[in-house]
Amino acid sequence: MKVYHGSNGDIDTIDVTRGSQFRDFGRGFYVTPDFETAKRMADKKTRLFGGQKTIIEYEFDESVLDTSELQVIVFPERATADWIRFIARNRDRHNPVSSTGFDIVKGPIADDGVALQLSRLKVHADHAEAIAADLQDKYLDQQICFCSFGSLILLKKSTTWKI
């Protein structure tokens, strides 16, 4: 499968320890199977940090997601209560919980609308099911986070576009 990383410059060596740990799936290297999503990420990074909008394409053999060789968690493409709780734990700056027990995490991207819903969870910890139900009709872009250095061998860089 082709996956894409949107950035503000080319990447020669991936470092999974770089970046914020308070992202959807914790600290790691994020890619998406959707070119347009990667393009939006490149736009955002360039707007925030300067540089040149860049999309990097990788080949990824997703069959590894079904093996027991790596610690993998795959969330459904739609919002679920487990996904909501997982993201809430990773984004909680007051009680940080690391997802580093996983090599790869795959699932929806929590966009701004989801982030707003997460604030409900802080007030009512038992509302994860209700939040997931509210989001069922919303299309959520997909992402894959490579959380460990060992998982990076599964990514083969193929093309880089400066846009």
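Computed from a predicted model, the values in this text were never measured in an experiment. Along the sequence shown, residues are numbered consecutively beginning with 1.
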What pairs with [X] under side-chain hydrogen bond (donor to acceptor under 3.5 Å, both in side chains), at least two apart in sequence or on another chain?
{"X": "Thr32", "answer": "none"}
{"X": "Thr13", "answer": "none"}
{"X": "Asp12", "answer": "none"}

For Phe35, enumerate each residue passing the ring-ring contact (aromatic ring centres under 6.0 Å, His included) test, keeping only those at least two apart in sequence or located in another chain.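 Phe35 satisfies ring-ring contact (aromatic ring centres under 6.0 Å, His included) with Tyr4, Trp161 only.
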
What residues form a ring-ring contact (aromatic ring centres under 6.0 Å, His included) with Phe29, not counting sequence neighbours?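 ring-ring contact (aromatic ring centres under 6.0 Å, His included) check on Phe29 returns His5, Tyr58.
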
List in chain and number order the residues that pass salt bridge (Lys or Arg N to Asp or Glu O under 4.0 Å) with Glu59, two or more places apart in sequence or in another chain; answer none if no residue qualifies. Lys2

Could you see if Ile144 belongs to whatever hydrophobic cluster contains Ile73? Use Ile, Leu, Val, Met, Phe, Trp, Tyr and a side-chain cutoff under 4.5 Å. no

Would you say Leu152 ends up clustered with Val64 if hydrophobic residues are merged whenever their side chains have heavy atoms under 4.5 Å apart, either directly or through other cluster members?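 Yes, because Val64 and Leu152 connect within a single hydrophobic cluster, where side-chain heavy atoms sit under 4.5 Å apart.
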
Once rounded to the nearest 0.5 Å, what's the spacing between atom [atom1] of [X] and atom [atom2] of [Y]?
{"X": "Gln143", "Y": "Phe75", "atom1": "CD", "atom2": "CZ", "result": "10.0 Å"}
{"X": "Lys157", "Y": "Ile11", "atom1": "NZ", "atom2": "CD1", "result": "7.5 Å"}
{"X": "Thr54", "Y": "Lys162", "atom1": "OG1", "atom2": "NZ", "result": "3.5 Å"}
{"X": "Asp103", "Y": "Leu70", "atom1": "CG", "atom2": "CG", "result": "4.5 Å"}
{"X": "Asp141", "Y": "Ile109", "atom1": "CG", "atom2": "CD1", "result": "5.0 Å"}

Per the ring pair (Phe, Tyr, Trp, His ring centres under 6.0 Å) rule, which among Tyr30, Phe102, Phe60 passes with Phe146?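 Checked Tyr30, Phe102, Phe60 against Phe146; only one passes ring pair (Phe, Tyr, Trp, His ring centres under 6.0 Å): Phe60.
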
Is it the case that atom CD in Glu57 sees more than 12 heavy atoms from other parts of the structure closer than 6.0 Å? yes

Give a yes or no on whether a salt bridge exists between Asp43 and Arg40, defined as a side-chain N under 4.0 angstrom from a carboxylate O.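 No, Asp43 and Arg40 are not salt-bridged.
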
How about Thr17 and Asp15: does a side-chain donor come under 3.5 Å of a side-chain acceptor?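 Per modelled atom types, Thr17 and Asp15 side chains form a pair under 3.5 Å.
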
